[in-house]
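Keep in mind that the numbers below use all heavy atoms, side chains included, and drop hydrogens, waters and symmetry copies. Each chain gets a letter, A, B and so on, in the order its sequence line appears, and its residues count up from 1.
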Number of protein chains: 2
Amino acid sequence: MALSERQQEIYKYIQHFTTEKGRPPTIREIGQNVGISSTSVVNYNLNILEKAGLIAREKEVSRGLRLTGQNGKHLADPRFIQIPLLGRIVAGKPIEIPDAGTSAFEADHESVTLTRDLLGGADSENLYALHVKGDSMIDASIHDGDIVVMKHQETARNGDLVAAWIKDKQQTTLKRFFREKGVIKLVPANPSYKTIEVEPRNVAIQGKVVLVIRQLGAAA
Amino acid sequence: MALSERQQEIYKYIQHFTTEKGRPPTIREIGQNVGISSTSVVNYNLNILEKAGLIAREKEVSRGLRLTGQNGKHLADPRFIQIPLLGRIVAGKPIEIPDAGTSAFEADHESVTLTRDLLGGADSENLYALHVKGDSMIDASIHDGDIVVMKHQETARNGDLVAAWIKDKQQTTLKRFFREKGVIKLVPANPSYKTIEVEPRNVAIQGKVVLVIRQLGAAA
DNA sequence: AGTATATACGAACACGCGTTCGATGTCAAG
DNA sequence: CTTGACATCGAACGCGTGTTCGTATATACT
């Protein structure tokens, strides 16, 4: 039997949630996120998914569902986290920030699979990864070919390494963020580069870097 | 602080349960299986595990806990690779290369668990990880707090990023390796630092860097 | 029309489950 | 001996969460 659109959506949400949080969602969590107000409707659709063999359910157990099949084994393993690899970061352009709600389910995204503990217990929501293109971020000690894992947010705390779009320079830069009495200081990780001071209105925070990975294989 | 026997047992049970069932256990499930009658005792011990950094908890959420640490279970899974975290890399000292045979299974070693594809198909033998201490490697764009995954070898090919012990300077440095007509050039990744030229006899290769990981969590 | 099936809603029920609190016992420090 | 940190227990509170039931709206087939 063909799955309805809603059932597919539920299935994808279970994938997504389990990967992000390390545990399966509850019926109500599913309902809220696919726009179903009644728990019984979610339950109804879950029973269909179960009959279709896509998920396994355990009765009267909270979060008692899990994905089955090859797909499920990989995604449902709470030790893994899959982060979509959404594009490149280049100096001359702002980072395109995808609509987190929809994009995570787009079919053909590449992704990076990491072990969850690499993220240091941080929230694993709104994460995405970018390939660094060019050496324009070298003042943040980030090089051509590196992968940065970012958390999408528009505010930052002092000391965070953020991707900031500097409006008048039309430029994205990765630097440490410090707010000081009406001025925002962007401090490069490498002290041989200069700190930039800009007005708050001239900066748009695009996200916070949570992980940098540099692979140096044979092709380095 | 050392963990009590009971806490270790709880930790192992969480690991076991999560792997088997695909979801974390509840407090009561833990209690039943390690012989604790009171949920508050389990809660008490979970708080200790959380402070020890072994698990992460989410408040007021059923099954809101997950492991953050690593252990032998991961070794059995071919998608994981567990790399012993053997110490620190400091400029003033050669890297201590441990006896791989014995140390890897010692209980008290920390380790890093990675997904195998991060290593880009490289041989996964003789790998070990080191914490970078201090900014002495900044000319390789490697900073205080980074984790470098190294492959132990005493030779290098041109272009490899190697840890090199420079004998007369009594110093370890991470640079790109180039052999040219009787001279070894050590080129920093950051072009604003200078290339070092040394005689082959004055250099001991200690290993090749295959991966650099920089975690920028809240504690960055 | 009448009937069956698929899909959806909201409410109510009962147990699941994290949280909190008071009480008890142990053991080393003061 | 007293104190305080540590570890444990049992019980109660209250929200979390799966389950069930009555109802409603389509669509298709009889």
### Task
Check the pair A:I36, A:I10 against side chain to side chain contact (heavy atoms under 4.5 Å, CB included), reporting the backbone distance first and the verdict last.
CA-CA 10 Å; A:I36 297 176; A:I10 289 175; 4.2 Å; yes
## Note on the structure
Between CG of B:L49 and C1' of D:dC6 the distance, given in whole Å, is 15 Å
### Message
Nearest whole Å is fine: how far is C:dG16 P from B:I30 CD1?
### Response
17 Å
### Task
Inspect the contact between B:E50 and B:R57 and indicate whether a charged nitrogen and a carboxylate oxygen are less than 4.0 angstrom apart.
no
### Message
If I take atom CD in residue B:Q32 and atom P in nucleotide C:dG16, what distance separates them, rounded to the nearest angstrom?
### Response
10 Å
## Note on the structure
In whole angstroms, the gap separating P of C:dT5 from CD1 of A:I48 amounts to 14 Å
Quick one: which protein N/O atoms are closer than 3.5 Å to N/O atoms of nucleotides 18-20 of chain D? Pair and distance per line, please.
| unit_1 | atom_1 | unit_2 | atom_2 | d |
| --- | --- | --- | --- | --- |
| D:dG18 | OP1 | A:R63 | N | 3.0 |
| D:dG18 | OP2 | A:I27 | N | 2.8 |
| D:dG18 | O3' | A:E60 | N | 3.4 |
| D:dG18 | N7 | A:R28 | NH1 | 3.0 |
| D:dG18 | O6 | A:R28 | NH2 | 3.0 |
| D:dT19 | OP1 | A:E60 | N | 3.1 |
| D:dT19 | OP2 | A:R57 | NH2 | 3.3 |
| D:dT19 | O4 | A:T39 | OG1 | 2.9 |

### Query
Is the backbone of A:G159 close enough, under 3.5 Å, to the side chain of A:R176 for a donor and an acceptor to pair up by distance?
yes
### Message
Donor-acceptor pair, distance only, cut-off 3.5 Å: does the side chain of A:N158 make one with the backbone of A:R179?
### Response
yes
### Summary
Ranking D:dC9, C:dT7, D:dA7 by distance to the side chain of B:Y44, first place goes to D:dA7
### Task
May I ask you to verify if any side-chain N or O of A:N45 is less than 4.0 angstrom from the OP1 or OP2 atom of C:dA8?
yes
#### Entry: Whole-Å gap separating C1' (C:dT19) and CG (B:N47)
10 Å
### Query
Looking at residues at least two apart in the chain, or sitting in another chain, which of them share a ring-ring contact (aromatic ring centres under 6.0 Å, His included) with B:F17?
B:Y13
### Task
Take atom CD of B:E29 and atom C1' of C:dC15, then tell me their distance rounded to the nearest Å.
14 Å
### Query
Are the side chain of A:N45 and the backbone of A:V42 linked by a donor-acceptor contact shorter than 3.5 Å?
no
